[in-house]
Amino acid sequence: MDIAIADDQLPGDLFKNQGNGYFKNIGPTSGTDVGVTGLAHAGMGIDWGDYDQCGKLEFVVTTYQHQVTSLYKQKAPDLFADICYTANIGLASEPYVGFGIKFLDYDNDGKLDLMCVNGHAVDNIAKTDKTTDYRQIPQLFHNVGGGRLEEVTKSSGAVFQTPIVGRGLAVGDIDNSGRLSALIMDVEGRTLLLQNNAKNTNHFLTLKLQGTKSNRDAIGAIVMIEAGGKRWRQDVSPTGSFLSSHDIRVHIGLGSAKQADKIEVRWTSGLRQTLTNIVGDRFLTLVEGQGVTETGKGK
């Protein structure tokens, strides 16, 4: 596992694991230390995800007002480019101060969407800057494929129309419905629990990994999925966003496919386990080096 750090008003850090107990900061040489303008930004929230189903992880960093949220894509080994504008989140994020951010597949179509919560850091900012306010709306971007994210904030419910002082954002399947929900922390108000009631016919799988030789929570394990003629990656991690922790289970949207044709788990111990023809809409547990057991079905 490597380590990416979003730094406030300083160049970002990307520590590459050398495999011998040491890390090397490749931020300055990888292109991830600055934003698309070539300047250091006020990094706040951060998250990793294979949002374009390329098999590699991209990572996103929220920023301050008049700075765009950065989305770094690996173009070559250890070399990234900020593709926020081509991904269609650059202009949409510029008016806001972003904090919590998370990749999530809220509609189970197999493609990672993006949610961001915003809120200014200066409570009386409106007195000196008439273009903004302390309270700001959250944002939701739907992954339409081809590496593009389409903002659907206005059509996603009343919560996304209500300005808040957003900070933390945590994601998980709170009711085992097979749909991911979100928890938002508002500095000046009540905590918001956004239950996902979206109705669609897409299928899912939820996979809980338990390590034996690897760490028990399987943090750092890589899960490669093949379904519906596509192949993509998900990593086991409760991290990401801003001062938040998430449902550690791997939530896999399958789209119209009723099963995952193949799931390969790459444990941190080096062991690889492969599952084939896994019927969807179920909750499964896989113990390292052992078989898979079913723990329930979605609602």
Side-chain angles (χ1 to χ4, degrees), residues 2-16 26-107 109-118 136-153 166 169 171 182 232-235 237 239-242 244 246:
D2 309 300
I3 302 173
I5 301 176
D7 293 319
D8 188 1
Q9 301 185 45
L10 292 171
D13 297 311
L14 180 58
F15 291 97
K16 183 178 181 180
I26 64 169
T29 58
S30 66
T32 60
D33 60 333
V34 296
V36 69
T37 62
L39 301 174
H41 46 47
M44 295 295 183
I46 186 170
D47 195 34
W48 288 87
D50 181 11
Y51 96 102
D52 59 357
Q53 296 183 316
C54 67
K56 299 178 182 178
L57 298 181
E58 292 78 36
F59 74 99
V60 63
V61 178
T62 60
T63 56
Y64 203 69
Q65 178 189 4
H66 304 315
Q67 299 174 346
V68 295
T69 290
S70 291
L71 178 57
Y72 297 101
K73 178 175 176 60
Q74 188 171 190
K75 295 291 189 175
D78 301 340
L79 183 63
F80 291 75
D82 187 349
I83 61 167
C84 62
Y85 286 115
T86 55
N88 204 37
I89 65 172
L91 291 178
S93 61
E94 189 173 3
Y96 304 106
V97 178
F99 278 87
I101 194 162
K102 190 65 181 171
F103 284 113
L104 74 162
D105 184 3
Y106 71 81
D107 59 350
D109 65 353
K111 301 186 294 292
L112 291 178
D113 311 299
L114 190 66
M115 185 181 293
C116 179
V117 298
N118 306 305
Q136 301 177 349
I137 60 170
Q139 292 176 284
L140 185 63
F141 297 87
H142 180 237
N143 192 330
V144 296
R148 289 182 61 81
L149 296 158
E150 178 181 294
E151 187 172 10
V152 292
T153 300
L169 167 65
V171 170
W232 67 99
R233 167 181 176 171
Q234 288 189 225
D235 287 28
S237 175
T239 65
S241 189
F242 177 80
S244 303
H246 313 273

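Since this is a predicted model, take the numbers as computed values, not measurements.
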Would Y51 and V60 satisfy side-chain contact (heavy atoms from CB on, under 4.5 Å), going step by step from the backbone distance to the final call? CA-CA 10 Å; Y51 96 102; V60 63; over 6 Å; no
Under the side-chain contact (heavy atoms from CB on, under 4.5 Å) rule, what do I101 and L114 come out as? Steps first, then yes or no, please. CA-CA 7 Å; I101 194 162; L114 190 66; 3.8 Å; yes
For the pair E94 and Q67, evaluate side chain to side chain donor-acceptor pair (under 3.5 Å) and give the outcome as yes or no after the intermediate values. CA-CA 5 Å; E94 189 173 3; Q67 299 174 346; over 6 Å; no
How far apart are the C-alpha atoms of H142 and D107, what are their side-chain angles, what is the distance that settles it, and do they pass the side-chain contact (heavy atoms from CB on, under 4.5 Å) test? CA-CA 9 Å; H142 180 237; D107 59 350; 2.8 Å; yes
I'd like to know whether K73 forms a salt bridge (Lys or Arg N to Asp or Glu O under 4.0 Å) with D82, so could you lay out the CA-CA distance, the side-chain angles of the two residues, the decisive distance to 0.1 Å, and finally the verdict. CA-CA 6 Å; K73 178 175 176 60; D82 187 349; over 6 Å; no
Test side-chain contact (heavy atoms from CB on, under 4.5 Å) on V97 and N118 and set out the steps. CA-CA 5 Å; V97 178; N118 306 305; 5.8 Å; no
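Interatomic distance, CD1 of I26 versus CG of D33, reported as 10.5 Å (0.5 Å rounding). Summarising the geometry, atom OG1 belonging to T62 is positioned 13.0 Å from atom NZ belonging to K102; distances are rounded to the nearest 0.5 Å. The CD1 atom of I89 sits 14.0 Å away from atom CD of E150, with the distance rounded to the nearest 0.5 Å. With rounding to the nearest 0.5 Å, the separation of CG in L149 from OG1 in T69 is 11.0 Å. Atom CG of D50 sits about 9.5 Å away from atom CH2 of W232, to the nearest 0.5 Å. For the atom pair CZ (F80) and CZ (F59), the distance works out to 6.0 Å, reported to the nearest 0.5 Å.
Using a 4.5 Å cut-off on side-chain heavy atoms (C-beta onward), N88 and F141 make no contact. In this structure, S241 and H246 have side chains that are in contact, with non-hydrogen atoms separated by less than 4.5 Å. Between D8 and M44, the closest side-chain pair of non-hydrogen atoms falls below 4.5 Å. V34 is not listed as a side-chain neighbour of L39, based on a closest heavy-atom distance of 4.5 Å or more.
Nearest heavy atoms, A92 versus Q139: O-NE2, 3.0 Å. Shown here for D47 and G240, the closest heavy-atom pair between the two residues is OD1-CA, 3.6 Å. Between V68 and C84, the shortest heavy-atom distance links the atoms CG2-SG, 3.6 Å. Scanning all heavy atoms of the two residues, the minimum distance from F15 to D2 falls at O-CB, 3.3 Å. Closest approach of S30 to L14, counting heavy atoms only: OG-CD2, 3.8 Å. In terms of heavy atoms, A6 sits closest to G45 at CB-O, 4.3 Å.
Counting only N and O atoms by type, the side chains of Q74 and E58 include no donor and acceptor under 3.5 Å apart. Judged by distance alone, the side chains of H41 and S70 do bring a donor and an acceptor atom under 3.5 Å apart.
A donor-acceptor pair under 3.5 Å is formed between the side chain of S244 and the backbone N or O of L169.
For K111, the side-chain contact (heavy atoms from CB on, under 4.5 Å) test picks out Q53, D109, N143, with sequence neighbours left out. For D78, the salt bridge (Lys or Arg N to Asp or Glu O under 4.0 Å) partners at least two apart in sequence or on another chain are K16.
The aromatic rings of F242 and F99 sit perpendicular, their planes meeting at an angle over 60°, well past the 30° parallel limit.
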